[in-house]
Amino acid sequence: MTPPDGTTAMRTHRCGDLRPEHVGEQVALCGWVARRREHGEHLAFIDLRDHTGVVQCVVDGAADLRSEYVVRVTGTVRERPEGTANPALPTGEVEVGDCAVEVLAEAEPPPFPVDKVGADAAEESLRLRYRFVDLRQERLQRNLRIRATVNAALRRAMDRQGFVEIETPMLWTPTPEGAREFVIPARLQPGSFYVLPQSPQLAKQLLMVGGFDRYYQIARCLRDEDLRADRQFEFMQLDLEASFVSQEDVLGFVTEAVLDATEAVTGARPGEIERLTWHDAMERFGVDKPDLRFGMELVELTDVFAGTGFRAFQAPCVKGIRVPGVAGEWGRNRLDGLTDRAKQLGAKGLVWMKVGAGGEFDSPVAKFLSGDEQQRLAATLEAEPGDLVLLVADERRVVQEVLGQLRLDLGRPPVSEGPLRFVWIVDFPMFDGVDDDGNPIPAHHPFTMVHPDDLDLLETDPLAVRSQAYDLVLNGSELGSGSIRIHRSDVQARVFRAMGISEEDAETRFGFLLGAFRYGAPPHGGFAVGLDRFVAILAGEDNIREVIAFPKTQSGADPLTGAPKPITERQLRELWIQVLPPPD
RNA sequence: GGUCCCGUGGUGCAGUUUGGAGUGCACGCCGGCCUGUCAAGCCGGAGGUCGCGGGUUCAAAUCCCGUCGGGACCGCCA
């Protein structure tokens with residue numbers, strides 16, 4: 001997997017590649033002046049940088065260079081004199097001697113230091129305004145190369161599994177569902193508009209009807225929604241769909257692809273991806289995207305306090321988490337802060353208990369709990385001396401949400417740490433509560449297939465219906481989701497009815513897809529993996545902007561180009577568009 | 001739409017709580033010295049609309065109001 005050596009007409013080697021084995025070779029290197037140490041008119045050291053690293057070049061004379069000049073250096077590789085090797089540099093045992101330097105391009109001083117320390121410290125908008133400089137630093141070079149490695153590995157995996165890469169249109173049709181769309185005026189049809197696809201969802205289902213039984217695409221998706229550390233207007237997905245498949249087939253295809261990509265980046269292939277049902281994930285971790293890198297699971301305690309006299313625990317659900325060995329670090333102030341946090345998350349309160357040296361509970365509420373309750377509590381939690389125990393009693397959903405978040409607050413390792421813990425979340429519910437009109441709210445898009453065992457519950461108990469939808473989660477981040485789709489019009493009609501979508505409604509919104517399905521739709525299902533988040537985790541980055549060459553700021557601007565900008569009157573007229581005055 | 005944090009020479013900070021001369025630190029930049037440095041060193045120098053606007057005050061980087069930009073989050077992202 002060694003990439004080509006980079007030899008060109010202008011250079012013989014790359015800076016970071018030089019080693020003792022090259023000693024004696026006449027070399028030509030090209031790169032940027034990272035640093036220079038000049039000792040008068042007789043000696044100068046130049047640290048020359050390209051994307052492979054830095055090497056020291058020695059000039060026997062004055063070097064009239066400045067930072068970030070682009071230069072070509074010719075000289076002879078030699079071992080460094082006794083005692084002058086630099087173990088901090090991979091190239092530190094050698095240097096290029098007797099250098100002649102040719103300036104290929106002069107450069108103004110960079111607006112911020114071109115290294116990890118300098119760029120990390122700089123205001124991010126400054127980095128983005130000078131992204132072409134920022135990109136030279138090792139971190140972004142590495143991240144974007146990881147990204148390319150992932151893309152290549154995914155393509156290989158999909159090709160190997162018989163998938164066909166097909167591009168779908170960027171100019172698509174508006175659909176009044178889901179994310180807000182970017183709108184493109186149609187010059188040839190004044191008053192009408194295309195939109196940029198929020199995903200290739202409908203297109204790939206049409207491809208299934210069209211007989212491409214294994215489709216994939218590394219697809220750009222666009223959503224005009226507010227930006228976040230893990231969300232940009234435009235993002236990439238490994239999008240796939242296959243016909244005549246079960247859920248198992250789809251999970252298999254995706255597993256193969258993401259494990260291949262992980263191995264390509266890290267050199268190690270994770271074991272088989274484990275699975276949790278949505279129900280178990282919510283009960284044990286309080287979230288549908290559990291971070292399995294650490295324990296502190298939610299422990300069910302409802303039975304323990306079934307007959308309790310303690311008013312606060314007379315609730316539909318009681319759960320607790322055990323934070324091992326930290327009791328000593330939690331004084332009254334911090335615990336009060338934690339209680340505030342729990343209330344802010346929706347709990348009525350938070351009960352904390354410290355486990356003393358003899359296993360006894362130290363807590364303001366201990367006196368309200370019977371000896372038997374305390375004993376069963378300790379046993380169920382497997383509490384050890386020195387542990388801090390946090391308990392919440394409330395409606396089940398509230399308990400899960402609050403403790404799930406506290407678990408993350410107190411235990412979640414940094415993104416750059418720990419093993420890569422993939423997990424499939426399966427058996428999602430079909431609906432997520434009811435809206436103001438009493439209609440069940442679909443948890444996924446309306447073409448998601450019902451779990452085969454639950455089909456008959458659609459009319460009787462819709463909120464109990466599970467779907468054949470599944471998520472892939474990595475270290476607590478949702479990497480992607482997919483489902484088996486409905487391909488039979490009778491089932492689709494029942495699901496629309498359950499959702500409160502009328503036939504006319506459905507026809508208006510998805511008519512072209514439903515129409516196509518009348519011409520012979522195979523059973524099919526698919527998935528989409530969010531690549532920006534995937535790459536960010538593999539690169540150990542919190543923020544997907546660090547794995548995107550030219551990202552936008554939180555307000556959707558690009559400080560480098562100045563986009564978005566007004567366009568000319570003439571352009572507007574051509575598009576039959578008039579800009580309204582801003583509201584007061 | 002909302003909550004919170006940040007904005008001071010090119011860069012990163014301190015100064016803001018308790019108003020008193022653009023005060024300080026590190027890096028960078030410019031000039032000089034320097035033949036083994038590697039965050040080179042030593043000497044000297046330049047560089048400021050304290051984001052912007054308004055208000056309070058004898059006096060505002062500092063207090064108040066507004067606004068712009070950046071970031072984190074809620075809403076939103078079927």
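So that the names make sense, note that chain A is the first sequence line, chain B the second, and so on, each numbered from 1.
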Distance check: side-chain N/O of A:Ser125 vs OP1/OP2 of B:rG69, anything under 4.0 Å? no

What is the pairing partner of B:rC33, taking Watson-Crick or G-U wobble pairs with both distances under 3.5 Å in any strand? B:rG41

For A:Tyr130 and A:Phe132, take the angle between the two ring planes, folded into 0 to 90°, and tell me which bin it lands in: parallel under 30, tilted 30 to 60, perpendicular over 60. perpendicular

How far does the C1' atom of B:rA26 sit from the matching atom of B:rA21, given to the nearest Å? 25 Å

Side chains of A:Ser483 and A:Arg485: do they bring a donor and an acceptor to under 3.5 Å? yes

When we call it a touch if two heavy atoms are under 4.0 Å apart, what does A:Glu95 touch: a base, just sugar-phosphate, or nothing? base

Please give, in whole Å, the distance from B:rC34 C1' to A:Leu43 CG? 10 Å

In this structure, how many angstroms lie between the C1' atom of B:rC77 and the CZ atom of A:Arg533, rounded? 9 Å

Could you tell me which nucleotide pairs with B:rG20 by Watson-Crick or G-U wobble geometry, both distances under 3.5 Å, or answer none if nothing does? B:rC58

Give a yes/no answer on whether the side chain of A:Thr84 brings an N or O atom under 4.0 Å of OP1 or OP2 in B:rC38. no

Salt bridge or not between A:Arg466 and A:Asp454? Use side-chain N to carboxylate O under 4.0 Å. yes

Cut-off 3.5 Å, side chains only: do A:Gln405 and A:Glu401 have a donor facing an acceptor? no

Whole angstrom value for the distance that separates P of B:rC76 from CG of A:Asp230: 15 Å

Please work out if A:Leu126 contacts a base, only the sugar-phosphate, or nothing of the nucleic acid, heavy-atom cut-off 4.0 Å. sugar-phosphate

Rounded distance in Å - NE2 (A:His444) to P (B:rA78): 11 Å

Measure centre to centre between the rings of A:Phe517 and A:His524, then say whether the value is under 6.0 Å. yes

N or O in side chain of A:Arg80 less than 4.0 angstrom from B:rG36 OP1/OP2: no

Scan A:Arg127 against the nucleic acid and name what it touches under 4.0 Å (heavy atoms): base, sugar-phosphate only, or nothing. nothing

Rounded to the nearest angstrom, tell me the gap between atom CD in A:Gln232 and atom P in B:rA72. 10 Å

Which of the following nucleotides, B:rA78, B:rG70, B:rG71, is nearest to the side chain of A:Glu123? B:rG70

Rounded P spacing from B:rA40 to B:rC30 in Å: 14 Å

On the side chain of A:Arg66, is there an atom forming a donor-acceptor pair with the base of B:rC30 - under 3.5 Å, no angle test? no

Got a donor-acceptor pair under 3.5 Å from the side chain of A:Arg129 to the base of B:rG70? no

Determine, answering yes or no, if A:Phe45 is stacked on B:rU37 under the 5.5 Å centre rule and the 30° plane rule. yes

Roughly how many Å is it from CZ in A:Arg341 to P in B:rC4, rounded to a whole number? 16 Å

G-U wobble or Watson-Crick pairing nucleotide for B:rA26 (cut-off 3.5 Å, both distances): B:rU11

Now, which nucleotide makes the Watson-Crick or G-U wobble pair with B:rU3, with each of the two distances under 3.5 Å? B:rA72

On RNA chain B, more 5' by nearest nucleotide between A:Glu41 and A:Ala122 is A:Ala122

Regarding the side chain of A:Arg545, the nearest nucleotide among B:rG71, B:rC73, B:rG70 is B:rG71

Hey, is the side chain of A:Ser555 poking within less than 4.0 Å of OP1 or OP2 on B:rG70, counting only N and O atoms? yes

Within the structure shown, what part of the strands sits under 4.0 Å from A:Asp120 by heavy-atom distance: base, sugar-phosphate, or nothing? nothing

If you take atom types as modelled and just measure distance, does the side chain of A:Glu38 reach the base of B:rU37 with a donor-acceptor pair under 3.5 Å? no

Which nucleotide wins on minimum distance to the side chain of A:Arg78, given the candidates B:rG36, B:rA72, B:rA78? B:rG36

Considering only heavy side-chain atoms of A:Asp226, the closest of B:rG36, B:rG1, B:rA78 is B:rG1

Polar pair under 3.5 Å, donor/acceptor by atom type, side chain A:Arg231, base B:rC77: yes

Side chain of A:Thr553 (C-beta onward), nearest among B:rG36, B:rG71, B:rC29: B:rG71

Looking at side-chain heavy atoms only, is the closest gap between A:Cys221 and A:Pro200 below 4.5 Å? yes

Can you tell me how far C1' in B:rU35 sits from the matching atom in B:rA46, rounded to whole Å? 30 Å

Side chains of A:Gln56 and A:Asn86 only: does a donor on one sit below 3.5 Å from an acceptor on the other? no

Would you indicate what A:Pro81 reaches in the nucleic acid, counting non-hydrogen atoms under 4.0 angstrom: base, sugar-phosphate, or nothing? base

B:rC74 and B:rG22: how far apart are their C1' atoms, nearest whole angstrom? 40 Å

A:Thr175-A:Glu181 side chain donor-acceptor pair, cut-off 3.5 Å: yes

Take atom P in B:rC76 and the same atom in B:rG1, then report the distance between them in whole Å. 15 Å

How far does the C1' atom of B:rG7 sit from the matching atom of B:rU67, given to the nearest Å? 14 Å

No-hydrogen, no-angle side-chain donor-acceptor test under 3.5 Å, A:Gln237 and A:Ser199: no

Please report, rounded to the nearest Å, how far the P atom of B:rG70 is from the NZ atom of A:Lys552. 13 Å

Pairwise C1' distance for B:rA60 and B:rG69, with rounding to whole Å: 22 Å

Whole angstrom value for the distance that separates P of B:rG1 from CZ of A:Arg180: 10 Å

Should A:Val27 and A:His22 count as side-chain neighbours, where that means a heavy-atom distance under 4.5 Å? no

Is the base of B:rA40 stacked against the aromatic ring of A:His39, taking ring centres under 5.5 Å apart and planes under 30° as the test? yes

What's the closest nucleotide to the A:Arg36 side chain, out of B:rC77, B:rC76, B:rC29? B:rC29

If I pick the C1' atom on B:rA59 and the same atom on B:rG19, what distance separates them, to the nearest angstrom? 8 Å

Nearest-nucleotide wise, let me know which of A:Pro110 and A:Arg37 is further upstream toward the 5' end of RNA chain B. A:Pro110

Could you work out which one of B:rC38, B:rA78, B:rC76 sits closest to the side chain of A:Ala179? B:rA78

B:rU67: pairing nucleotide in any strand, Watson-Crick or G-U under 3.5 angstrom: B:rG51

Students often get this wrong, so: under 4.0 angstrom with heavy atoms, is A:Ala443 touching a base, only sugar-phosphate, or nothing? sugar-phosphate

Base B:rC38 to side chain A:Asn86, donor-acceptor N/O within 3.5 Å cut-off: yes

Touch check for A:Gln554, heavy atoms < 4.0 angstrom, all strands: base, sugar-phosphate only, or nothing? base

